[in-house]
Trainee: 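Once you've had a glance at the structure underneath, I'll fire off some questions.
Just so we're on the same page: letters track the sequence lines, and every chain starts at 1.
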Amino acid sequence: MISDRPIDLGAVRLVAGVDVSVKNEESQAAIVVVTYPGFLPVETVLARCPTPFPYIPGLLSFREGPVLEEAFDKLKAEPDVFLFDGMGIAHPRRIGIASHMGLWLDRPTIGCGKTLLCGRYGPLPDEKGSAAPLVDKGETIGVALRTRTAKNPMFISPGHLADIPTAAELVLNCSPKYRLPEPIRLAHNAAGQFGQ
DNA sequence: GCGACAG
DNA sequence: ATCTTGTCGC
């Protein structure tokens with residue numbers, strides 16, 4: 001990563017959730033900005049374009065990056081941090097989509113993966129809030145984080161301008177009820193409903 | 001060569 | 001990610 005530093009959690013006021021859905025050769029991106037805490041939506045933007053690249057593990061930015069950039073251009077709000085559905089530095093080359101887009105945005109970003117791309121982690125208690133370091137080739141690249149008791153963990157890693165502990169704490173704080181962090185859930189819903 | 005593999 | 005009904009469990 002380019003920068004590894006704590007997020008000032010006490011100063012966070014707005015959090016953005018980012019997601020992309022693919023339908024019939026078309027990709028639609030959604031960004032939902034919510035208050036923190038509270039998770040009340042203050043802005044939602046959508047963008048679509050022909051899906052430009054196939055899905056290849058490790059190269060997600062080539063597939064989802066272009067339509068996301070279109071969406072970023074439409075955004076008026078200035079979120080303190082962006083949450084992505086995908087990896088940050090928990091990537092074979094340490095530059096997952098959250099890291100890549102963070103450089104583009106020059107803002108703090110966090111990768112929130114639902115399944116593992118690389119790395120391993122040890123025993124993880126069932127209780128919400130439990131975390132285990134995610135290690136790859138001797139490097140700690142993130143954490144497996146239980147955002148809901150007895151559910152599969154999320155895999156959290158810094159994207160840009162963030163460190164592992166504060167990234168994990170923010171994501172946990174953004175997951176009051178469901179496994180998926182609230183901003184990402186909202187973005188997922190917004191992106192999933194194409195308005196043809 | 002074999003296995004693994006975000007969304 | 002997407003294709004898809006009902007169903008088990010809190």
Trainee: Between the protein and nucleotides 3-8 of chain C, are there any N/O to N/O pairs under 3.5 Å, and if so, what are the atom names and distances?
Mentor:
none

Trainee: I want to check something: taking the side chain as every heavy atom from C-beta on, are A/His91 and A/Leu117 in contact at a cut-off of under 4.5 Å?
Mentor: yes

Trainee: Using a heavy-atom cut-off of 4.0 Å across all strands, would you classify A/Gly113 as base, sugar-phosphate, or nothing?
Mentor: sugar-phosphate

Trainee: When you measure from every atom of DNA chain B, which of residues 184-191 of chain A have a heavy atom less than 4.0 Å away?
Mentor: none

Trainee: Decide side-chain contact (heavy atoms from CB on, under 4.5 Å) for A/Glu43 and A/Lys76; before the verdict, give the C-alpha distance in whole Å, the side-chain angles of both, and the deciding distance to 0.1 Å.
Mentor: CA-CA 8 Å; A/Glu43 184 179 2; A/Lys76 294 179 180 176; 3.7 Å; yes

Trainee: Counting only non-hydrogen atoms, which of residues 49-75 of chain A are less than 4.0 Å from DNA chain B?
Mentor: A/Tyr55, A/Pro57, A/Gly58, A/Leu59, A/Leu60, A/Arg63, A/Glu64

Trainee: Is there any ring-ring contact (aromatic ring centres under 6.0 Å, His included) pair reaching into residues 15-66 of chain A, and which pairs are they, with sequence neighbours excluded?
Mentor: A/Phe53-A/Phe62

Trainee: At a heavy-atom distance below 4.0 Å, what parts of residues 114-122 of chain A sit against DNA chain B?
Mentor: A/Lys114, A/Thr115, A/Leu116, A/Leu117

Trainee: Please check this pair: side chain of A/Thr109 against backbone of A/His160, looking for a donor-acceptor N/O pair closer than 3.5 Å.
Mentor: yes

Trainee: Between the side chain of A/Thr147 and the main-chain N/O of A/Arg179, is any donor-acceptor distance below 3.5 Å?
Mentor: yes

Trainee: Please list all pairs passing the salt bridge (charged side-chain N to carboxylate O under 4.0 Å, His left out) test where one or both residues lie in residues 98-122 of chain A, with sequence neighbours left out.
Mentor: none

Trainee: Please step through side-chain contact (heavy atoms from CB on, under 4.5 Å) for the pair A/Lys151 and A/Lys128, ending with a clear verdict.
Mentor: CA-CA 9 Å; A/Lys151 294 295 188 180; A/Lys128 173 177 180 176; over 6 Å; no

Trainee: Under 4.5 Å between any side-chain heavy atoms of A/Glu25 and A/Pro50, yes or no?
Mentor: no

Trainee: When you look at A/Cys118 and A/Ile141, which way does the side-chain contact (heavy atoms from CB on, under 4.5 Å) test go after all the steps?
Mentor: CA-CA 9 Å; A/Cys118 68; A/Ile141 56 177; 4.1 Å; yes

Trainee: Give every residue pair that meets the ring-ring contact (aromatic ring centres under 6.0 Å, His included) criterion with at least one member in residues 111-138 of chain A, sequence neighbours excluded.
Mentor: A/Tyr121-A/Phe155

Trainee: Going by the rule salt bridge (charged side-chain N to carboxylate O under 4.0 Å, His left out), which residues pair with A/Arg63 if we only count those two or more places apart in sequence or in a different chain?
Mentor: none

Trainee: Out of the candidates A/Val67, A/Val20, A/Val22, only one should pair with A/Thr51 under the side chain to side chain contact (heavy atoms under 4.5 Å, CB included) rule; please name it.
Mentor: A/Val22

Trainee: For Watson-Crick and G-U wobble pairs within 3.5 Å on both distances, what is DNA chain C written in dot-bracket notation, | included for inter-strand pairing?
Mentor: ..........

Trainee: Residues from residues 124-135 of chain A sitting under 4.0 Å of DNA chain B, heavy atoms only?
Mentor: none

Trainee: Is the shortest side-chain N to carboxylate O distance from A/Arg185 to A/Glu182 below 4.0 Å?
Mentor: yes

Trainee: Within a reach of under 6.0 Å around CG of A/Asp126, are more than 12 heavy atoms found that belong to other residues, nucleotides or ligands?
Mentor: yes

Trainee: Would you say A/Val18 and A/Met101 make side-chain contact, with heavy atoms under 4.5 Å?
Mentor: no

Trainee: Please check if the side chain of A/Thr166 supplies one atom and the backbone of A/Pro6 the other of a donor-acceptor pair under 3.5 Å.
Mentor: no

Trainee: Any side-chain heavy atom of A/Val15 sitting closer than 4.5 Å to one from A/Val33?
Mentor: no

Trainee: Could you give the CG-to-C1' distance, from A/Leu180 to C/dA1, as a whole number of Å?
Mentor: 14 Å

Trainee: Taking side chain as C-beta onward, heavy atoms only, is A/Ile184 less than 4.5 Å from A/Cys112?
Mentor: yes

Trainee: Contact boundaries of DNA chain B with chain A (under 4.0 Å, heavy atoms), 5' to 3'?
Mentor: B/dC5 to B/dG7

Trainee: Using the rule given for side-chain contact (heavy atoms from CB on, under 4.5 Å), can you reason through A/Leu170 versus A/Ile110, listing the C-alpha separation, both sets of side-chain angles and the distance that settles it, and then say yes or no?
Mentor: CA-CA 9 Å; A/Leu170 179 65; A/Ile110 297 172; 3.8 Å; yes

Trainee: List the residues meeting side chain to side chain donor-acceptor pair (under 3.5 Å) with A/Asp8, not counting sequence neighbours, and say none if there are none.
Mentor: none

